[in-house]
Amino acid sequence: MIENLTAFFDRHSAIVAPELLGATVLYDGVGGRIVEVEAYDPSDPASHSFPGPTPRNRVMFGPPARAYVYRSYGIHWCLNFVCGNAGAVLIRALEPTEGLDLMRRRRGFESPEALCSGPGKLCQALGITGEDNGRSLAASPFALTLATGQGPFVTGPRIGISKAVEIPWRFGVAGSRFLSRRFAGNQS
DNA sequence: GAAAGGATCCGCT
DNA sequence: GCGGATCCTTTCA
């Protein structure tokens with residue numbers, strides 16, 4: 001258990017990503033356990049940091065332990081945690097534990113499994129927008145509690161990208177009902 | 001200045 | 001299970 005968030009995130013995204021599984025993320029008191037993530041790094045054609053710094057992705061090239069929030073397909077927001085060396089971990093799914101009422105109100109009274117089972121849905125449920133881009137994960141409104149130990153997890157190819165699909169940098173808690181999509185092969 | 005593409009979600013079949 | 005909606009960012013002329 002690393003107490004310093006900056007030290008925790010200042011490593012390669014593919015190392016940080018699986019260790020985030022089981023951690024608790026709260027935004028203004030609303031959130032839950034992380035059950036699914038994906039890693040991206042600058043040598044990866046599918047990563048936003050691959051082409052180099054731009055006005056949109058400049059946060060990825062800044063200090064670690066910050067939130068990188070960007071708009072996807074013009075309508076959804078996606079939440080990333082910035083790691084060392086211009087890498088990032090995309091938060092894909094949560095198991096909701098805090099603020100269920102508020103999430104249901106924002107999401108239209110869906111079942112718990114559907115509240116945070118996807119990057120765009122997750123941000124809507126927690127109320128995260130582009131205004132949170134670049135904010136520190138160590139200060140309000142964010143509250144991040146790292147897991148004391150990792151349970152079993154599964155890996156697989158990442159979702160929704162057209163380049164470097166063969167890199168298995170998707171990580172999920174084994175057997176969780178809150179994943180955005182099931183993992184091919186061993187899930188139970 | 002203009003055009004193309006994208007780390008997705010929702011509704012319908 | 002599949003296809004459309006929707007708009008911001010980047011790239012090129």
Side-chain angles (χ1 to χ4, degrees), chain A residues 9 12-18 20-21 23 25 27 32 34-62 64 66-96 103-135 137 153-173 176-184 187:
Chain A
F9 282 105
H12 194 276
S13 53
I15 304 292
V16 174
L20 278 173
L21 295 175
V25 185
Y27 179 86
I34 297 175
V35 296
E36 184 182 349
V37 298
E38 286 179 8
Y40 290 87
D41 103 333
S43 67
D44 170 8
S47 170
H48 284 182
S49 59
F50 178 71
T54 67
R56 177 173 65 142
N57 67 19
R58 68 185 185 285
V59 171
M60 288 184 75
F61 292 86
R66 298 230 232 153
Y68 168 48
V69 182
Y70 70 94
R71 194 184 285 281
S72 173
Y73 291 85
I75 35 189
H76 306 290
W77 294 106
C78 292
L79 173 65
N80 300 250
F81 293 165
V82 177
C83 295
N85 193 32
V89 176
L90 169 69
I91 309 302
R92 286 193 55 86
L94 293 183
E95 174 183 341
M103 288 193 206
R104 273 194 285 265
R105 216 171 307 152
R106 288 170 175 155
R107 295 274 318 139
F109 299 92
E110 292 193 76
S111 66
E113 290 88 349
L115 281 175
C116 299
S117 59
K121 300 156 119 182
L122 184 157
C123 286
Q124 186 182 2
L126 270 62
I128 293 172
T129 71
E131 294 187 3
D132 300 301
N133 189 34
R135 282 196 178 158
L137 298 175
F153 64 88
V154 293
T155 64
R158 292 169 297 175
I159 292 179
I161 57 176
S162 53
K163 304 164 188 169
V165 292
E166 72 282 0
I167 303 178
W169 278 354
R170 179 175 177 231
F171 305 91
V173 173
S176 172
R177 308 194 317 277
F178 300 91
L179 301 176
S180 63
R181 288 172 59 176
R182 304 181 72 183
F183 281 78
Q187 72 278 338

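Computed from a predicted structure; not experimentally measured. Throughout, protein chains are lettered first and strands after them, A, B, ... in sequence-line order, and every chain is numbered starting at 1.
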S.K.: Nearest-Å distance, CZ (A:R58) to C1' (C:dT9)?
M.R.: 13 Å
S.K.: On a heavy-atom basis, which atom in A:H12 and which in A:A14 lie closest, and how many Å separate them?
M.R.: ND1-N, 3.0 Å
S.K.: Using atom CZ of A:R71 as one end and atom C1' of B:dC9 as the other, report the distance to the nearest whole Å.
M.R.: 14 Å
S.K.: Closest heavy-atom contact between A:G172 and A:F183?
M.R.: N-CZ, 3.5 Å
S.K.: Please determine whether a side-chain nitrogen or oxygen atom of A:R56 lies at a distance below 4.0 Å from atom OP1 or OP2 of B:dA7.
M.R.: no
S.K.: What is the distance from CG of A:N57 to P of B:dA7, rounded to the nearest Å?
M.R.: 13 Å
S.K.: Could you report the tightest heavy-atom contact between A:L21 and A:F153, atom names first, then the distance?
M.R.: CD1-CB, 3.5 Å
S.K.: Rounded to the nearest angstrom, tell me the gap between atom CG in A:N133 and atom P in C:dC8.
M.R.: 15 Å
S.K.: Tell me the partner of B:dA7, counting only Watson-Crick (N1-N3 plus N6-O4 or O6-N4) or G-U wobble (N1-O2 and O6-N3) with both under 3.5 Å; none if nothing fits.
M.R.: none
S.K.: Within less than 4.0 Å of OP1 or OP2 of B:dG6, is there a side-chain N or O belonging to A:S72?
M.R.: no
S.K.: Could you give the CD1-to-P distance, from A:I75 to C:dT6, as a whole number of Å?
M.R.: 8 Å
S.K.: A:L90 has an atom CG; how far is it from atom C1' of B:dT8, in whole Å?
M.R.: 11 Å
S.K.: What's the closest nucleotide to the side chain of A:Y40 if the choices are C:dT10, B:dA7, B:dC10?
M.R.: B:dA7
S.K.: Nearest-Å distance, CH2 (A:W77) to P (B:dC9)?
M.R.: 15 Å
S.K.: Between P on B:dG6 and CD on A:E38, what's the gap in Å once rounded to a whole number?
M.R.: 16 Å
S.K.: Could you let me know what C:dT6 is paired to, Watson-Crick or G-U wobble, both distances under 3.5 Å, or none if it's on its own?
M.R.: none
S.K.: Given B:dC9, C:dT10, C:dT6, identify the nucleotide with an atom nearest to the side chain of A:P55.
M.R.: C:dT10
S.K.: What heavy-atom pair brings A:Y40 and A:I161 nearest, and what distance separates the two atoms?
M.R.: OH-CG2, 3.8 Å
S.K.: Looking for any heavy atom pair under 4.0 Å, which part of the strands does A:R170 touch: base, sugar-phosphate only, or nothing?
M.R.: nothing
S.K.: Kindly confirm whether the side-chain ring of A:Y73 is stacked on the base of B:dG6, judged by centres under 5.5 Å and planes under 30°.
M.R.: yes
S.K.: Looking only at heavy atoms, what is the nearest atom pair of A:G160 and A:Y73, with distance?
M.R.: O-OH, 4.5 Å
S.K.: Pick the nucleotide of DNA chain B nearest each of A:R107 and A:V89; which residue has the one closer to the 5' end?
M.R.: A:V89
S.K.: Check every strand shown and say whether A:R158 touches a base, only sugar-phosphate, or nothing at a heavy-atom separation below 4.0 Å.
M.R.: nothing
S.K.: Once you apply a heavy-atom cut-off of 4.0 Å, does A:S162 come out as touching a base, just sugar-phosphate, or nothing?
M.R.: sugar-phosphate
